[in-house]
S.K.: 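To start, I am sharing the structure in question, which I have written as C-alpha cells.
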2 protein chains.
Amino acid sequence: MKKTKLTLKDVAQQLGVSTATISNAFNRPDQLSKGKREEILAQCERIGYSGPNKAAQILRKGTSNIVALVLADSIAYMVSDPVASTFIKGVSTTLQQQGKHLLLYAGDSNSILDVVDFVDGFICYGAPRNYKLAQEIAAQSKPAITVDFDIDDVPSINIDNENAAYEVAKAAIDENDIVAILGLRLIDSPTTCRIYDSPLIDVNSSISHRRLDGYVRAAKEQGIEINNEWIWHLPESDRSYARQAAKEVLMSSPRPNTVLCMSDIIALELLHSALAMGIDVPNELKITGFDGIEEADRARPHLTTVCQSSVAKGEAAANALLSGESRKQILPFDLKLGETIRS
Amino acid sequence: MKKTKLTLKDVAQQLGVSTATISNAFNRPDQLSKGKREEILAQCERIGYSGPNKAAQILRKGTSNIVALVLADSIAYMVSDPVASTFIKGVSTTLQQQGKHLLLYAGDSNSILDVVDFVDGFICYGAPRNYKLAQEIAAQSKPAITVDFDIDDVPSINIDNENAAYEVAKAAIDENDIVAILGLRLIDSPTTCRIYDSPLIDVNSSISHRRLDGYVRAAKEQGIEINNEWIWHLPESDRSYARQAAKEVLMSSPRPNTVLCMSDIIALELLHSALAMGIDVPNELKITGFDGIEEADRARPHLTTVCQSSVAKGEAAANALLSGESRKQILPFDLKLGETIRS
DNA sequence: CTGTTAGCGCATTCAG
DNA sequence: CTGAATGCGCTAACAG
C-alpha cells in the first residue's frame, strides 16, 4: 500500500548504504565495484525502484535528453506535409539512436520560453511563421540549428536553392516559351494570387526568393523576362491552394507552356488539372516541381524536379546538433529529368 | 557580461522584494495587488528575466505541460503513415489549444521509464510494437489513454471494428464470390505472406482480428467460408508490402473477385496493380479499404471503404486525457460506397 | 571505494 | 500582502 513513489533516499536507507552509492550505481558504474553495483541494482529491481527521478535529474544536471523540433507552422499542418514529415523521419531516427527524445514545437506558438529551460537544444525547420521564435532562439544560449533558413551565425543546413532552381528551369525552358511560376510564400497574403506589385516578403532570407532568382536567371539566359503577372503566390504547399492556382494558370490567355512550381505537391496538382483538361504534357505544357517526394515517382508522366533528401537533412540536423557542429552546411541536390518537360 | 541566467532569487534581491512575491507575480496574481504585480513584471521584462525556471517548476510542481504520445511503432514509420499523421494532427491541435506540449515517443523503444517522471500523461496510439511499454503504462500512475486498443481499464478511444468490417464486407460480398483478405499484423512475421496455419497473434486484443471477425461474419451470411489460404498477412500498412500482396492475390488461380483490405493504402495499391494488369474493377474484381484517407478520394474508381475520423480520434484522446475522463469511448464510423464494388 | 554535504531553482507553508 | 524557512529528488565535490 505504499502509494508514494520510492526516492533514492528511501532506497539508500532500506539497503543500508548511502545515497551516493545508489546514485552511482545508476549513473557512474566506475565509482563502485561491479559486484556491489549489481547487487544494488538487483535489490532496486526487487523493491520496485526503477532509477533516479528524471525530473530531479533535469534540474540537477541541466540536461533532459529532449530536443525540440521547432516547425515552420502548426504541427497539424507540418505533419501532413510529405516534405516535412520526411524531415521529421530523419530527425527522429537519429535522435532515437542517440537516446534523445523529440518534442514537436509549433512555429506559430507564442514563445519558445516555456520549454527553453529544460530542452537540450533546438532544431528549427524552416522560418517559423511567428518569426519572434527565431529571434528567441538566436537570443538564448542552448545549442540550436536551423534548416532551410538562417539566423545570424546559428549553424544551419541548406541546399543551394538558387542553383537548384536554375538547373531545373534551365532544363525546362526553351526559346520563346511563355513561362509562369507557381511560388510559395512570396508575398504576405493568405490566399492564392498573382503577385503583381505586392510587396515581396523576406526577399533576402527566404528560400522561395532564392528559387525565384534561379528561375529568373535561367529564363533570362533564353532571353525571356518573366512578368509579375505570371508569378503566383501560394500561402502553403497545399493541394487546394495548388488546385486554384493551376486553374488560374491554365485558364490564362495566352496560356503559358512552361510552369515552374516551387513544390512537387503544386506541380502534381497542376499536372492532374492539365491532364483532366486534355492538355498534352509536355507538348503543350511543360511542368517542373521541387523536392522529389515519393508521390512524384508514381505520377505519369514522370515529374521533372529537384530532389533534395529530406531524410538526409533531418539526419544532418540532428547530428549537427548533437555533435556541437557550428558551421553552416550546404547539402547536395539532384536534378531529376522526367517526361513533364520532354517527351 | 552576466553569463549566468537570472534566477528568481537574483531578481528578488535586485527589486528589493522577497522571492515569494516574484513567484506570486508570475503564478498567483491573486496573491498581490494588481499594481505591484504589474510593476514587478515590468521590471522583470526590463532586466531580462523571463519567468521562473521551468525545469525547477517541473520538479517542484510535479507537472510539465508535456504529454507523451506513444506511437505503435518508430516515429519514422508513424509520421509517414497518413492515418497516424492525421491522428497526430488531431492530438496536436487540441494540445496546442490547451498550452500543452507534445513529446513523440516511439513504440519500439525499450521503456517508458525515462520520461514517466516528468511527463503529465500518456496517449498511446495503437498497441506498441514493444508491448512492454503498454504494461509499463498500465503500471504507472500518471493519466493515460489508449487508442485503437485497450489495456485493462485504462480509458480508451476505439471504433467498433468488428461491425465496421462487417458492414463494408456485407456491402461488397455477393453470393458465390471468391473472397480474399489483405490483413494487417495477423501473425508474427516480418514479411507479406498467406497466414495458412501460422499461429495468430493478439487474437483477443488486436483490431485486426476484430476486423477479420467482421469480414468472416459477413461472408458467412452469404454462405461463404474464407479459407486461410485466402488471407494474407502484411506486417505494416505500407505500399511495398501491399504491392507484393496485391501481386500474389492477382496471380492466384482461381483469382478472387472480392478483396477486403484492412487499410486504404493496401486497397489503393491493389487497385493500381489491378488496373495496370487490365483487370476490370469492379466487374472482375471488387475491392474494399479501411480508414477513409484523403488519397482514397482521389482514386478512380472511388474506393469503397470505412471512414473513421482520425482527427476526431486524436482530439477525443487529447480531450479525454486533459479532462480526466475515465470511461472507454466508442467513436462512430461511416460506410463510404464507391465504385470499386458496384459499377 | 564509500558516506556526508551543499545546492540545482523554485513554490509553498506559516508568521507577521 | 510580505519574508524566512523547508524540501521537491537528486548529483558532484569532497573527505575519509
Side-chain angles (χ1 to χ4, degrees), chain A residues 2-41 43-44 48-65 113-120 141-142, chain B residues 2-41 43-44 48-65 113-120 141-142:
Chain A
K2 50 166 145 3
K3 276 246 69 76
T4 76
K5 245 194 131 179
L6 287 173
T7 72
L8 191 153
K9 207 160 136 196
D10 300 334
V11 175
Q13 250 171 5
Q14 283 194 36
L15 302 197
V17 297
S18 95
T19 58
T21 306
I22 308 286
S23 175
N24 286 333
F26 280 96
N27 302 316
R28 313 192 343 187
D30 52 312
Q31 298 294 300
L32 74 177
S33 69
K34 199 167 175 209
K36 186 106 192 165
R37 178 174 131 91
E38 281 168 1
E39 186 195 320
I40 289 182
L41 293 182
Q43 291 295 321
C44 288
Y49 179 70
S50 47
N53 180 295
K54 304 299 174 194
Q57 284 187 319
I58 296 177
L59 177 57
R60 183 59 234 243
K61 301 200 193 182
T63 67
S64 60
N65 282 339
L113 291 176
D114 41 336
V115 300
V116 71
D117 289 327
F118 63 82
V119 197
D120 287 352
S141 64
K142 305 235 170 153
Chain B
K2 47 168 146 5
K3 277 244 71 80
T4 75
K5 247 194 131 181
L6 288 173
T7 72
L8 193 154
K9 207 162 135 195
D10 299 335
V11 175
Q13 247 169 8
Q14 283 195 35
L15 302 197
V17 298
S18 98
T19 58
T21 308
I22 307 287
S23 174
N24 286 332
F26 281 96
N27 302 316
R28 310 188 348 183
D30 52 311
Q31 298 294 301
L32 73 178
S33 70
K34 196 165 178 211
K36 186 102 192 168
R37 177 175 131 91
E38 279 166 4
E39 186 195 322
I40 289 182
L41 293 182
Q43 290 296 320
C44 286
Y49 178 70
S50 45
N53 181 295
K54 305 299 174 195
Q57 284 188 317
I58 297 177
L59 176 57
R60 181 61 234 245
K61 301 200 193 184
T63 67
S64 60
N65 283 339
L113 292 175
D114 41 336
V115 300
V116 71
D117 290 328
F118 62 81
V119 170
D120 287 351
S141 63
K142 306 236 170 151

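Residue numbering restarts at 1 for every chain, and letters A, B, ... go by the order of the sequence lines.
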S.K.: Which pairs, protein N/O on one side and nucleotides 7-9 of chain D N/O on the other, fall under 3.5 Å?
M.R.:
| residue | atom | partner | partner atom | Å |
| --- | --- | --- | --- | --- |
| dG7(D) | N2 | R60(B) | NH1 | 3.1 |

S.K.: Are there any protein N/O atoms within less than 3.5 Å of an N/O atom in nucleotides 13-16 of chain D, and if so, which ones and at what distance?
M.R.:
none

S.K.: Rounded off to whole Å, could you give me the CZ-to-C1' distance for the F26(B) and dG9(C) pair?
M.R.: 14 Å
S.K.: What does the list of N/O pairs under 3.5 Å between the protein and nucleotides 14-16 of chain C look like, with a distance for each?
M.R.:
none

S.K.: Passes side-chain contact (heavy atoms from CB on, under 4.5 Å), I22(A) versus I40(A)? Steps please.
M.R.: CA-CA 7 Å; I22(A) 308 286; I40(A) 289 182; 4.0 Å; yes
S.K.: In this structure, how many angstroms lie between the P atom of dT12(C) and the CD1 atom of I22(B), rounded?
M.R.: 16 Å
S.K.: Rounded to whole Å, please give me the gap between CG in D10(B) and P in dG9(C).
M.R.: 9 Å
S.K.: Starting from the C-alpha separation in whole Å, work towards a yes-or-no answer on side-chain contact (heavy atoms from CB on, under 4.5 Å) for N27(A) and K61(A).
M.R.: CA-CA 12 Å; N27(A) 302 316; K61(A) 301 200 193 182; 4.2 Å; yes
S.K.: Could you tell me how far apart R37(A) (CZ) and dC1(C) (P) are, to the nearest whole angstrom?
M.R.: 13 Å
S.K.: Any side-chain N or O of S23(B) under 4.0 Å from OP1/OP2 of dA11(C)?
M.R.: yes
S.K.: dC1(D) C1' sits how many Å from K34(B) NZ, rounded?
M.R.: 17 Å
S.K.: Please state whether the phosphate of dA11(C), meaning OP1 or OP2, lies under 4.0 angstrom from any side-chain nitrogen or oxygen of T19(B).
M.R.: no
S.K.: In whole angstroms, how far is the P atom of dT4(C) from the CD atom of Q13(A)?
M.R.: 11 Å
S.K.: Provide, to the nearest angstrom, the distance between the CG atom belonging to N27(A) and the P atom belonging to dC10(D).
M.R.: 10 Å
S.K.: Starting at the 5' end of DNA chain C and moving along, which residue's nearest nucleotide shows up first, S33(A) or G51(B)?
M.R.: S33(A)
S.K.: Apply side-chain contact (heavy atoms from CB on, under 4.5 Å) to residues L6(A) and Q14(A) and explain how you reach the verdict.
M.R.: CA-CA 10 Å; L6(A) 287 173; Q14(A) 283 194 36; 4.0 Å; yes
S.K.: Do you know which two heavy atoms are closest between L113(A) and S50(B), and how far apart they sit?
M.R.: CD1-CB, 3.8 Å
